[in-house]
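Written out below as structure tokens is the structure these notes cover.
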Amino acid sequence: MADHPAPPVGGPLVTGSEIARLAGVTRAAVSNWRRRYEDFPAPAGGGVNSPLFDLASVQAWLDKQRKGQDVSEEVQLWQALRGAYGDDMIGGLAEVAHLLADHEGEASAALPTDAVRLVRQLGDSGSPGDVVSSLTERFTDSVRRAGSDQVTSPRIVRAVRHFAGEVSNDATLFDPACGIGTLLLTVGPELGPKRCGQEIDPRSARFAQLRADLTGRADVDVLIGDSLRDDHWPDLKADLVVCDPPVGSPDWGREELLLDPRWELGTPSRAEGELAWLQHAYAHTAPGGRVLMVMPASVAYRKAGRRIRAELVRRGILTDVIALPPGSAASHALPVHLWHLRRPPSPDDAAAKVRMVDLTANDPDGPMEPGTGQTADVPLIELLDDAVDLTPGRHVEESHRDYTTEYQALRRELVEQARLLAELLPALTAGAGPSTLEGPSVSVADLARAGLVEYGDPEPVSVSDQLDTDYLRGFLRNAANARRSTSASGTYRLDGKGARIPQMDIAEQRRYGAAFRALQEFEERARRVAELSKQAAALARDGLGNGALSPEE
């Protein structure tokens, strides 16, 4: 097999998708080239799932294979921005968007000369909106492959659009953590709605506003600031609030905002910043308006948020919880949820149930519409238990349980196990007394030294045909031996070397051993009967309570 050519050191790196754009093919074609051609350039960086390749080596290989094409101006611009801005690509994109919006204006000093030239050429030859959209797509794709939460993933955007449903042209949309405008600008019809956003990162807010302007979206206003600590939209009441909030940060301003009126469902703990964002979004929702919030799956069951979850349910505010497929988020494979809230126009219009949707078994690129057995309409009263667990999978599975079949099977097994239990208890008669251990006996330590016993795991075992293992273990559990095998700290050691067993011939040992073996099986069966009894009683109680079961007439 030929060796991969070693990539030059220090050159610009590209992803597989960027190679596909460069060559004018699909990503699948690039993956196929890597498998098929032994001389395809080896990765020069990145990880196993997101390799990066040296641009010069790739271009040379494409030319050699006659698969290449002239590097487009857009690709040249992207590479120039990557070289100049590195990890601050949002800043670079904002400068490009600013230059596209003010074509004759002075370019930022941070933009390389060749980048300025390319921006002006692209602006002259095509639509500035198309240029900024294409660069945004490249950026989103590169962030997704790097596994970052910097931008809402396309899969989550698709899910939010789907579950938001139809949005009217005269609606007001709001995103209090809008980033570069990914959700704010893509949910709802392209033209018509009034869109308001706030973003703490000035570069992202600037780029989001310029994206809106360049793509012809009128009535879009993105403000810079921390939405929780410094709300720039105090009087805004939106028809739809969408948000993919920052997660996992304990510094969301709790100490400064303890008495904030937005916490009408309860003041979130330091660990529940997501519930602060949720209530902020709900505070900006008009009567009849809705919230679609991207949430980590753990928010549905964490103990610290139980009281706020209970209020959401009790007041009929929460209408849907959707568990998205693993892989929907950019940075990890764990499932995330969409929480759908609605502000009731009146107390009589509050939700009476919560629709649970579990898509965790689906392909993240598959259909969003739930299939058979993936939804459950759960009455509020069933959610208001000690845990207030809003995990969809738990409730969907419960709602599709076949109580009748499961209860009948449990009952049959319980009856059979109880019958066998009675048969296992050995018939015993009065013994001759006194205690068998007060007669001739031998210590386990002596038996071990004689090679008749080995200390197994967890119990000793006979290795001689002159000693019955069940007989040995049965007498080791005798109360007197139990005392000998218990340390001063109260720890019980079944293999205690101080234990003693009576001396009997092998026939008598086997008679006792059979009784001890039956008692052991009896105890194991009794534990199984107890377990089945508990399961059957709980299932029957739940089934009678939810109408799945009824008493026989």
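Computed over heavy atoms, backbone and side chain alike; hydrogens, waters and symmetry mates excluded. The chain is numbered in sequence order, starting from 1.
In this structure, Arg309 contributes its side chain and Ala300 its backbone to a donor-acceptor pair below 3.5 Å. Looking at Ser153, its side chain does come within 3.5 Å of a backbone N or O of Ser328 through a donor-acceptor pair. No donor-acceptor pair under 3.5 Å is formed between the side chain of Trp252 and the backbone N or O of Trp277.
Atom CG of residue Leu228 and atom CG of residue Asp231 lie 8.5 Å apart, to the nearest 0.5 angstrom. Residue Leu338 holds its CG atom at 9.5 Å from CG of Asp320, rounded to the nearest 0.5 Å. To the nearest 0.5 angstrom, Arg195 atom CZ is 9.5 Å from Leu240 atom CG. Here the straight-line distance linking atom NE2 of His98 with atom CG of Leu214 works out to 11.0 Å at 0.5 Å rounding. How far CG of Leu118 is from CG of Leu111: 10.5 Å, rounded to the nearest 0.5 Å. Residue Arg211 holds its CZ atom at 13.5 Å from CG of Leu100, rounded to the nearest 0.5 Å.
In this structure, Glu166 has no side-chain hydrogen bond (donor to acceptor under 3.5 Å, both in side chains) partners at least two apart in sequence or on a different chain. A search for salt bridge (charged side-chain N to carboxylate O under 4.0 Å, His left out) contacts involving Glu264 returns Arg315, Arg343, not counting sequence neighbours. Contacts of His284 classified as ring-ring contact (aromatic ring centres under 6.0 Å, His included), with partners at least two apart in sequence or in another chain: Phe174, His280. Considering only residues two or more places apart in sequence or on other chains, Arg254 meets the salt bridge (charged side-chain N to carboxylate O under 4.0 Å, His left out) condition with none of them. With sequence neighbours excluded, no residue satisfies ring-ring contact (aromatic ring centres under 6.0 Å, His included) with Trp339.
Surrounding CG of Leu384 are more than 12 heavy atoms belonging to other residues, nucleotides or ligands, all under 6.0 Å away. A 6.0 Å sphere centred on CG of Leu258 holds more than 12 heavy atoms belonging to other residues, nucleotides or ligands. More than 12 heavy-atom neighbours from other residues, nucleotides or ligands sit within 6.0 angstrom of NZ on Lys194. The neighbour count for Asp363 CG, taken as heavy atoms of other residues, nucleotides or ligands under 6.0 Å away, is above 12.
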Audit row: Phe53, Arg34, side chain to side chain contact (heavy atoms under 4.5 Å, CB included) steps and yes/no: CA-CA 11 Å; Phe53 303 86; Arg34 291 185 62 196; 3.5 Å; yes
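Side-chain atoms of Thr360 and Asp358 form a donor-acceptor pair, as typed in the model, at a separation below 3.5 Å. No hydrogens or angles considered: a donor-acceptor pair under 3.5 Å links the side chains of Asn362 and Gln374. With hydrogens and angles left out, the side-chain atoms of Glu74 and Ser134 include a donor and acceptor closer than 3.5 Å. Checked by atom type, the side-chain pair Glu382/His395 shows no donor-acceptor distance below 3.5 Å.
Nearest heavy-atom pair across Arg262 and Ala283 is CG-CB, 3.8 Å. Taking all atoms of both residues into account, the shortest heavy-atom contact from Ala208 to Gly179 is CB-O, 3.7 Å.
Within the structure, every pair that satisfies the side chain to side chain donor-acceptor pair (under 3.5 Å) test and touches residues 212-226, not counting sequence neighbours, is listed here: Gln209-Asp213, Thr215-Arg217, Asp226-Arg229.
The aromatic rings of Trp61 and Tyr37 sit perpendicular, their planes meeting at an angle over 60°, well past the 30° parallel limit.
Checked options Thr182, Ile180, Asp175; the residue passing with Cys178 is Asp175 (criterion: side chain to side chain contact (heavy atoms under 4.5 Å, CB included)).
With respect to Arg206 and Glu199, no salt bridge is recorded, no charged nitrogen being found less than 4.0 Å from a carboxylate O. Salt bridge Glu311/Arg314: present, at least one basic N to carboxylate O contact under 4.0 Å.
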